[in-house]
Each structure stands twice: as C-alpha cells, then as structure tokens.
Amino acid sequence: MRLSKGFIPTVKETPSDAIIPSHQLMIRAGMVRALSAGIYSWLPLGYKVMKKVCEIVREEMDAIGAQEFHLPALNPIEIWEETGRVKAFGDTLFQLKNRPLVLAPTHEEIICWIAKNHIESYKEMPQIWYQIQMKFRNEPRPRSGVLRGRQFLMKDSYSLDTTWEALDVSYDLHAEAYKKIFTRCGLKFFIVGASSGAMGGTGSQEFMLESESGEDTIALSEDNSYAANLEIATSTVPKGIRNAESKPIEEVHTPNVKTIDELAVFLKVDHNVLAKSVIYWADDKPVLILMMGNDELNESKLMSVLGADVRPIEAERLKELTGADGGSIGPVGLKGFKIIADKRLEGANGLVSGANRNDFHLGNIDLQRDCTIDGYFDLRTVQAGEKASGGSASLRIVKGIELGHIFKLGTKYSDALKATYLDEKGESKPIIMGSYGIGIERIIACHIEQNHDANGIIWDKSIAPYDVHLIAVSMKSTGVVEKAEQLYRDLDKAGVDVLYDDRSATSPGFKFKDADLLGMPLQVIVGEKNLVNAKVELKIRRTGERILVEADDVINQVKLMLEGIK
RNA sequence: CGGAGCGUAGCGCAGCCCGGUAGCGCACUUGCUUGGGGUGCAAGGGGUCGCGGGUUCAAAUCCCGCCGCUCCGACCA
C-alpha cells in the first residue's frame, strides 16, 4: 500500500477524551474513529489488524474441530422470552421499536434453537459451533475506547455434548485453543477462576490480561499457583473463637460509635470478636448478613448464595425495619429478616454486635444460642497479603482486562428451549452445552496496551497490519525514488506485506514519526545519505536497533530480519 | 442510575466570571522555502458558538429546559 494513496489519517495531538494508551494510539494511528458513545468505525489500517486476529482465531478454532457459522444479529424476541433473558439482560438488550425483534447480545438461544430442530441423536454429538460476529449490548457506560463498546466483534462458540464428561473435553479443547490464540497474538495473559454470574452453569474461567486499565479485579498468589476473579476468590483466614463458657448477653452503651474500627478501640477488643451487620435487599426481601470485624462483603458471592438480585438497603428503610441506624444493627431479636453469616463466624460466641438501638451494642453473643442463622457461607472479599487457599503464598490484588471467558453451561438453555436428543436407550435427554467467548477488539487494544512506547504502537509480526514500513526519505532524489520503488515491487514479489511511504511533500521527520506511530515491526529506510554508499537502513521498531545493509541485498536481509523478529 | 465536568472551524483549546464586530495553535488550500526525527515564510478558505426557550437595545457570555459526550462510582454474560 502506498501511503500517498491510502487512507490512514494519523494525528499528532492526543484526543482529550481518550485516557488509556491503546485508545489514544488507535485514534492517532488512524485505526478507528468514534461514531457515538461505544460505537466505532474501523478504518482500513485497524480493519487489517482485525482480519489478521480473526484469521488466527479461525485457525485455532478449526484445529479443534469447530465449524464456523454465521448467525443473524436480529432475533425474534420470543426466543429470548423463553429463556427468561429479556428480563435477565434488562436494559442491556437492544429491542427494536417497530418489530418484535432484539439485537442479539450473544447467541446461546439461536444455537439452541438450531440444535433443537436438527440434533436428534446422541450419534450426532459432540459438536462445536462458532462464529465471529457483531454483538450488541446497550452498555450503561461504554468506556476505554474499544474495550467496552455497545457493539463489538466477538468470537463465540458453543459445544453440544451428551455427558458432563464430554462437556469437560469440549471445555478443555477450548481452553487449549484460547491459550494458543492469545499466545499467537503476542499477549501475556493468565487464567483465573470466575463467577458464572447470570449466564448460569457449573464453572467458568476467564483469560485475563493484567492492566491498570482493566475493569476486573483479580487475586493472584505470589507464586502464581492461584488466580481467581475477586468475585469468587477465597483465602485462608482464621475462624472465630468459641470460648468454653457462653456468658449471658449484656448491653453496652457505646455513644457515637459508628464503625467497627471505632468499636474495637472503644471496647479495647480484637476485630475477631466483632460481628458487623450488613443489610441487603434480595429480590425485595431484607437479609441481614453478619461479617467478622471489618471483613468486606462480596456482592457476587452474596448473589450466588442467595440466588437473587442483591442491592444494599437504603438508609431510611434501615431504621424503619430495625429501629436503629447503621452502626447499631445486630442479629439478636431482629424480626422479619433472613439472617446469614460469613463462615468465619461459624460456631463463634462471645461476640459483640449492634443492639438495634442507637448507641448500644450487645456483648457475649452466642450465634448458636441467641439467633437463628439461616446458614454460614463464604461471603467475604479477600484482601491483599492473605494466604491463597490451598497454598502458602500470599495474594496480591491486580486489575485485569477480560479477553475471553469459557463456561460450562450445562442444560440451562437446552431445558428452557427443549433441545433434547435420544440416547442409546431411546430416552430423551437435554443437550449439555458449553459457551465460549473472545473479544476480538480487546485482543487488539490489549496488544497495544502491552506493546507501545512514547512514540507509538509496536506490533508483533503476527497481527501487524504490514510486515514492513518502507520509507523513501526524499521523493526529490531520483536515486532514492528508484530504489524505493524497486524495493516496493520486489518485497511484494517476495511475499512481504509493505506499507510504502511515498508521500512527496512530507518531510523526513514527519515520515519517521508516522512510521514509529504506526508501529510496523521493521522499517526499511531509503535515503540519499546511505544510498551514496550503496546502503539501505533497516530499523527494528521494538528495539530501535538500526542496521545498514547492502542496497543489492535488501530483500534477503529483510526476510532474515523478519524471521528473527517476534 | 448517583457524583463531577465538558459541548466555540476537521482536531486541540482560549474567550464566558464582568453581555457590545468570534480568536489562537495544528490540520487544510496557494506560492516560495526546506529535505535524516512532526522545516521556515507569506497569503487564503472554513463557525447559525450542541438544540430550544427566556431576560436584554444587544447573548458564545446571564437564566430555564432538553440533547450529546467524557471522567469517577454503581452495573456488567
């Protein structure tokens, strides 16, 4: 491609609303342009990268026997009603006004629909079906450039199996394929245990990239033996104490004590005898949750435990229902509440909690004796420095970007849509499904997040839009132009994809800056300075290393260099 | 959905407090100049100041409403 003819609108100034490096560079390099919040046009240079990433994804999916589909983005809303996901997605689901159609945010329903109509026998499975297609989600707050958009390209695949063991096989095949895909795209990623959330199912893992720009929080052990999304992460922390003697409850006056820290200081006791009360609505029913000391309640865990939508109670309603304000709430004598507690408190006595009367607390509470606890569950959010579950290494908490997510769905959708098959005995069984996703744009943005410097993007060869950026330093020098034109032709013949800066009215400095910004792995610089000595300069973008080669031997040298470059 | 901010030329911004002929840099056009790290000089083109209403002799500027966008948070398959 000749830069003089191509449409690659680079810009010098960083757009003010782009905060993260990948977003800034994708705009500056002329890869994308925003059309509206979370909606991007992909310009030729960006689209070229996208196609390369898609090709890698296709190769690895095909390698595990997956078959490519192309499914409609417009779906009848009835199918989504049947699985209950119109309600589950809520406002995130785009709905059409003039037809009972939705813009598909994912495709479990449609896959299931096809399977229901065409898979009759156990003999027809396993199947792995995939597609690379636009997804539409009305995100309340799109952000970070293409990292969270309202429409985005996704590789989604679905496995259809007859047994849970077979599902494990399909799942593991995906995990392996995903590792290959992200590795080939030059990403440093890690795998974490994750919450299945509203997708349902029995297990899931996320492929994560550590980044300050990430929206997920992950607990990682120092020895890398443990990695989990903070939503489900667990750690080893000591449980509460059970004293031999359970003393009678006593009321303590605690004027102006609002927080657990203040209470510990006021009573001169350790946090592990304090039971913090947190009140949530669970599908509009109030629940009191007891946490030890200052342990932070994990809403994801709470949601899983209760199987309901959860949200904190409003301060006004709190007093109405308990008779006290936050800071003085407790489980003893509380009516009309479901009460659950964190596992750390199981069996504990001698505890202090609120008296449901402002400025008073109760001491010597024995949870077994004094209240009805509906269950003890792991409900706490792990903290940095704690020991990872099942290990001795301590945890650190990092931010991450989710590149891919694999789910063991089970029969949630096949049950809802009655996608069944006949087994060996002629019995009708629901198909066991898995679902697997990769965000294509996220791969691209993440690659830039991990591979850039002050001057611009540094592409890995595997997804670089072009292999070589050829610069004719001056178009006024006949010798330079002749040499550059010849190299452009010969490199193309040699199968090297070249972006050729043949712009005539552009100064050398401008061309060098653009080349660094666009970030092709190798730059071939043809200038008078070296040509008089029959030399051409090669520059490796990543290292900045410059090598002079014989002008007659450029093609061979370029091929050699490209082999050696990541 | 809660909090904060922004909307003035393609991009980045000033002007608004204190109402009175709409500006700067980059980009663009033309000419000259320069030619190894975003050349220099000169002359140009380009705006219903987001939209609607109000106050006023007069509104980019003050007031009200709406829309859009961004950031922080909540949410997120």
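Treat the numbers as computed from the prediction; the structure is a model and nothing was measured. Every chain is numbered from 1 and lettered A, B, ... according to where its sequence line falls, protein lines coming before strand lines.
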Give a yes or no on whether a salt bridge exists between A/K483 and A/E528, defined as a side-chain N under 4.0 angstrom from a carboxylate O.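 No.
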A/R85 and A/E109 ion-paired at < 4.0 Å: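 Yes, charged N to carboxylate O under 4.0 Å.
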What's the separation between atom CZ in A/R380 and atom CD in A/E296, rounded to the nearest 0.5 Å?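 Atom-to-atom, A/R380:CZ and A/E296:CD are 9.5 Å apart.
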On RNA chain B, does the nearest nucleotide to A/R150 precede the nearest nucleotide to A/P105 from the 5' side, or the other way round? Give the residue.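 Per heavy-atom nearest nucleotide, the more 5' residue is A/R150.
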Closest-nucleotide mapping onto RNA chain B: is A/V526 or A/E402 further toward the 5' terminus? I mean the 5' end. A/V526
Whether A/S474 contacts B/G36 is assessed here as follows: a side-chain N or O lying under 4.0 Å from the phosphate OP1 or OP2. Is that the case? no
Should A/S36 be listed as having a side-chain N or O under 4.0 Å from OP1 or OP2 of B/C69? yes
When the [atom1] atoms of [M] and [N] are compared, how many Å lie between them, rounded to an integer?
N     : M     : atom1 : value
B/C26 : B/C66 : P     : 40 Å
B/C16 : B/A22 : P     : 15 Å
B/A27 : B/G19 : C1'   : 33 Å
B/C63 : B/G23 : P     : 25 Å
B/G68 : B/C51 : C1'   : 10 Å
B/C62 : B/U8  : P     : 16 Å
B/G44 : B/G25 : P     : 14 Å
B/U21 : B/C64 : C1'   : 29 Å

Out of [options], which nucleotide sits closest to the side chain of [X]?
X      : options             : answer
A/M303 : B/G73, B/G37, B/C76 : B/C76
A/I19  : B/G36, B/G37, B/C71 : B/C71
A/D17  : B/C69, B/G36, B/C71 : B/C69
A/K529 : B/C13, B/C76, B/G36 : B/G36

Crowded around A/W129 CH2? As in, over 12 foreign heavy atoms under 6.0 Å? yes
Tell me whether A/K258 at atom NZ has more than 12 heavy atoms from other residues, nucleotides or ligands lying less than 6.0 Å away. yes
Assess, by modelled atom type and distance only, whether the side chains of [X] and [Y] contain a donor and an acceptor separated by less than 3.5 Å.
X      : Y      : result
A/W459 : A/N451 : no
A/T381 : A/Q383 : no
A/K155 : A/Y178 : yes

Kindly state which residues belonging to residues 127-141 of chain A come within less than 4.0 angstrom of RNA chain B, counting heavy atoms of the residue only, listed by number. A/R137, A/P140, A/R141
How many whole angstroms separate atom [atom1] of [X] from atom [atom2] of [N]?
X      : N     : atom1 : atom2 : value
A/D501 : B/G38 : CG    : C1'   : 12 Å
A/I27  : B/G10 : CD1   : P     : 17 Å
A/L538 : B/G36 : CG    : P     : 19 Å
A/R148 : B/U70 : CZ    : P     : 14 Å
A/F512 : B/U39 : CZ    : P     : 12 Å
A/H23  : B/C11 : NE2   : C1'   : 14 Å
A/R33  : B/C11 : CZ    : C1'   : 9 Å
A/E299 : B/G73 : CD    : P     : 15 Å

Full working for salt bridge (charged side-chain N to carboxylate O under 4.0 Å, His left out) between A/E215 and A/R143: CA-CA 10 Å; A/E215 300 181 316; A/R143 73 184 95 182; 3.0 Å; yes
Any-strand Watson-Crick or G-U partner of B/C1, both distances under 3.5 Å: B/G73
Considering Watson-Crick and G-U wobble pairs with both distances under 3.5 Å, what does B/G52 pair with?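 Partner of B/G52: B/C64.
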Has A/K135 got its NZ or CZ under 6.0 Å from the middle of the six-membered ring of A/F152, at an angle within 45 degrees of the ring axis? no
Name the pairs: protein N/O against N/O of nucleotides 25-29 of chain B, kept only if under 3.5 Å.
unit_1 : atom_1 : unit_2 : atom_2 : d
B/G25  : N2     : A/E13  : OE1    : 3.1

Over all strands shown, is [X] touching base, sugar-phosphate only, or nothing at heavy-atom distances under 4.0 angstrom?
X      : result
A/S300 : nothing
A/V473 : base
A/I525 : base

Look at the rings of A/Y436 and A/H174 and say which category their plane angle falls in: under 30° parallel, 30 to 60° tilted, over 60° perpendicular. parallel
With hydrogens left out and only the distance checked, is there a donor-acceptor pair under 3.5 Å joining A/R28's side chain and the base of B/G12? no
State yes or no: are the ring centers of A/F207 and A/F182 separated by less than 6.0 Å?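 A/F207 vs A/F182: aromatic centres under 6.0 Å.
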